[in-house]
**Student:** 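One structure follows; several queries about it will come next.
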2 protein chains.
Amino acid sequence: MGINRCIEILKKTNLKITPKRRAIIRFFLENVRYFTPEEVWAALKIDFKHLGLPTIYRNLKEFENIGILVRVSRSDQQLYYATCRLGKRIKHHHFVCQKCGRVIGVEFCNFKSIAGDIEKKLNCKITSHFMQIEGLCSECKQREKMRKEFKK
Amino acid sequence: MGINRCIEILKKTNLKITPKRRAIIRFFLENVRYFTPEEVWAALKIDFKHLGLPTIYRNLKEFENIGILVRVSRSDQQLYYATCRLGKRIKHHHFVCQKCGRVIGVEFCNFKSIAGDIEKKLNCKITSHFMQIEGLCSECKQREKMRKEFKK
DNA sequence: CTGCGTGCAAAGTATTTGCAAACCG
DNA sequence: CGGTTTGCAAATACTTTGCACGCAG
C-alpha cells in the first residue's frame with residue numbers, strides 16, 4: 001500500500017491531507033516495522049518544530065480506523081503501530097520479525113482446519129481468533145545465516 | 001488446578017501463604033473467568049477492611065510468574081488475569097468465552113501443520129506464535145440455544 | 001526473630017481531553 | 001470561509017515504587 005493509496009483513503013473518509021499526516025504515513029512506509037507513538041513523535045520532531053504527541057496519538061488511532069495502519073500486540077501494555085500490505089478488508093494475521101520488527105500480513109491461515117477439532121473437544125462455538133506469529137523475516141534469516149557462516 | 005496445588009506451588013517457590021493470597025487464589029478458582037486487578041480488588045475489599053490495590057497488582061504478577069494465573073490479551077491496554085487448568089509447563093493457548101469470560105486452556109493446536117506453509121511463502125523462520133480463540137463456551141452455547149428455542 | 005508481605009502515599013508512565021489558534025479545501 | 005486539525009496544558013487511567021510496620025514460618 002503506497003502513499004497514494006493512503007491519501008486516497010484519507011480523501012474517501014473526509015480526512016484532510018496535512019503535512020503532518022503525510023509525514024506520519026511516509027515515516028511508516030519508509031520504515032517497515034512497528035513503532036510506539038512516542039517513537040514516531042521523536043522521529044518526526046526533527047522535521048517539525050512544533051509537533052504535539054497528542055497529534056501523533058490521534059492520527060495513529062485514526063489511521064488504524066481507516067485501515068492505513070495496524071496495531072501490533074506486545075505483552076507490555078503499550079501501543080504499537082505498523083503498516084501492513086494487507087488492508088482492512090481482508091481478515092488476516094501478522095508475522096512480526098523479532099529482529100527488525102517488520103510486520104507482514106498473513107492471509108493464508110487455515111485455522112478452519114483446526115477449529116473443528118477444538119470445537120468438538122471443548123464443545124464450544126468459535127467465532128473468532130487472533131494470531132500473531134513471530135520469528136525471523138526473510139532478510140534477517142539470511143543475515144543470520146551469513147553471520148554463522150562467517151564465524152566458521 | 002485446585003487450591004491445594006496452588007498452595008503447594010507457593011511453598012515450592014518460597015512465597016508465604018497469607019490470608020490475602022489465599023483469598024485472591026480462591027476468588028479466581030470460584031470465578032472461572034478473567035478479571036482486571038481492580039475488579040479483584042473491589043471483590044476482595046468486602047472481606048478485608050484494609051487491602052491495597054498495589055498488593056493485588058504485586059500478587060497477580062507474582063502468581064503469573066509461578067504459573068498460578070495467566071494473562072489474557074484484550075485490545076484495550078489493560079491487564080487481565082485468569083486461572084487456567086493448564087499450568088506453565090505446557091505451552092498452550094486460550095479459548096476465551098465472549099459471553100462469560102471463562103478461560104480454557106487449549107493444548108492441542110496443531111500449528112505445525114500450517115507453520116511450514118507460512119515459512120515457505122514468506123521465506124521466514126517461525127520461532128513462536130500466540131493465539132487466542134474466542135467464542136461461546138459449552139455452557140453459554142447451551143444457554144444461547146435454549147433461549148432461541150424459547151423464542152419460537 | 002528474621003525476612004517477606006502489606007498499606008499507604010506518592011511517583012511514574014502511557015494515553016486522552018479541552019480549547020483556542022492555525023490551516024486545508 | 002467553515003469545519004477540521006493541531007499545540008499546549010492539563011487531566012485521566014493504569015501501574016509501580018518506597019518505606020515503615022506487621023505477620024508467617
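All chains are named by letter (A, B, ...) in the order of the sequence lines, taking the proteins before the strands, and each is independently numbered beginning at 1.
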**Student:** Which of the following nucleotides, dT16(D), dC24(C), dT6(D), is nearest to the side chain of Y57(B)?
**Tutor:**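 Nucleotide nearest to Y57(B)'s side chain: dT16(D).
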
**Student:** Taking the side chain of K16(B) as its heavy atoms from C-beta onward, which of dC24(C), dT6(D), dG5(C) lies nearest to it?
**Tutor:** dG5(C)

**Student:** Which nucleotide sits closest to the side chain of P54(B): dA24(D), dT4(D), dA9(C)?
**Tutor:**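 That would be dA9(C).
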
**Student:** Rounded to whole angstrom units, what separation is found between the NZ atom of K11(A) and the C1' atom of dG25(C)?
**Tutor:**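 Distance check: K11(A) NZ to dG25(C) C1' gives 11 Å.
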
**Student:** How close or far is atom P of dT6(C) from atom CH2 of W41(B), stated in whole angstroms?
**Tutor:** 16 Å

**Student:** To the nearest angstrom, how far is F48(B) atom CZ from dG5(C) atom P?
**Tutor:** 15 Å

**Student:** Choose from dA14(C), dT6(D), dT16(D) the nucleotide whose nearest atom is closest to any side-chain atom of Q78(A).
**Tutor:**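 Among dA14(C), dT6(D), dT16(D), the one nearest the side chain of Q78(A) is dA14(C).
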
**Student:** When you check the gap from the basic side-chain N to the acidic O, do E107(B) and R85(B) get nearer than 4.0 Å?
**Tutor:** yes

**Student:** Distance check: side-chain N/O of H50(A) vs OP1/OP2 of dT6(D), anything under 4.0 Å?
**Tutor:**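 It does not, given that no N or O in the side chain of H50(A) lies less than 4.0 Å from OP1 or OP2 of dT6(D).
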
**Student:** Establish, for the pair R33(B) and F35(B), whether the NZ or CZ atom is under 6.0 angstrom from the six-membered ring centre and no further than 45 degrees off its axis.
**Tutor:** yes

**Student:** Is the phosphate of dT5(D), meaning OP1 or OP2, less than 4.0 Å from a side-chain N or O of R21(A)?
**Tutor:**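 For dT5(D), OP1 or OP2 has a side-chain N or O of R21(A) closer than 4.0 Å.
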
**Student:** Does T18(A) place a side-chain N or O at less than 4.0 Å from the phosphate oxygens OP1/OP2 of dC23(C)?
**Tutor:** no

**Student:** Rounded to whole Å, how long is the line connecting atom CZ of R74(A) with atom C1' of dT13(C)?
**Tutor:**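 Distance, rounded to whole Å: 19 Å.
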
**Student:** For residues R71(B) and Y34(B), is any side-chain donor paired with an opposing acceptor at under 3.5 Å?
**Tutor:**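 Not at all, the side chains of R71(B) and Y34(B) share no donor-acceptor pair under 3.5 Å.
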
**Student:** It should be established whether K20(B) places a side-chain nitrogen or oxygen under 4.0 Å from OP1 or OP2 of nucleotide dG7(C).
**Tutor:**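 Yes, such a contact exists.
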
**Student:** Nearest heavy atom decides the nucleotide; on that basis, is N59(B) or Q77(B) closer to the 5' end of DNA chain C?
**Tutor:**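 The 5'-side residue here is N59(B).
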
**Student:** Measure distances between side-chain N and O atoms of R58(B) and base N and O atoms of dG18(D), and say whether any donor-acceptor pair falls under 3.5 Å.
**Tutor:**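 By the distance-only test, yes, there is a pair.
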
**Student:** Should the pair K99(A)-E134(A) be classified as a salt bridge under the 4.0 Å nitrogen-to-oxygen rule?
**Tutor:** no

**Student:** Looking at E144(A) and K141(A), is there a salt bridge between them, counting it only when a charged N and a carboxylate O are closer than 4.0 Å?
**Tutor:**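 Result for this pair is no, no salt bridge flagged.
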
**Student:** Rounded off to whole Å, could you give me the CD1-to-P distance for the I24(B) and dG5(C) pair?
**Tutor:** 12 Å

**Student:** Rounded off to whole Å, could you give me the CD-to-P distance for the E39(B) and dT15(D) pair?
**Tutor:** 11 Å

**Student:** Ignoring backbone atoms, establish whether K61(A) has a side-chain N or O less than 4.0 Å from OP1 or OP2 of dT16(C).
**Tutor:** yes

**Student:** CG of D76(B) versus P of dT16(C): gap in Å, rounded?
**Tutor:** 11 Å

**Student:** Name the residue closer to the 5' end of DNA chain D, choosing between G52(A) and L79(B) according to the nucleotide with the nearest heavy atom.
**Tutor:**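 Going by which nucleotide is closer to the 5' end, it is G52(A).
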
**Student:** Starting at NZ of K45(A) and ending at C1' of dG7(D), how long is that distance when rounded to a whole Å?
**Tutor:** 13 Å

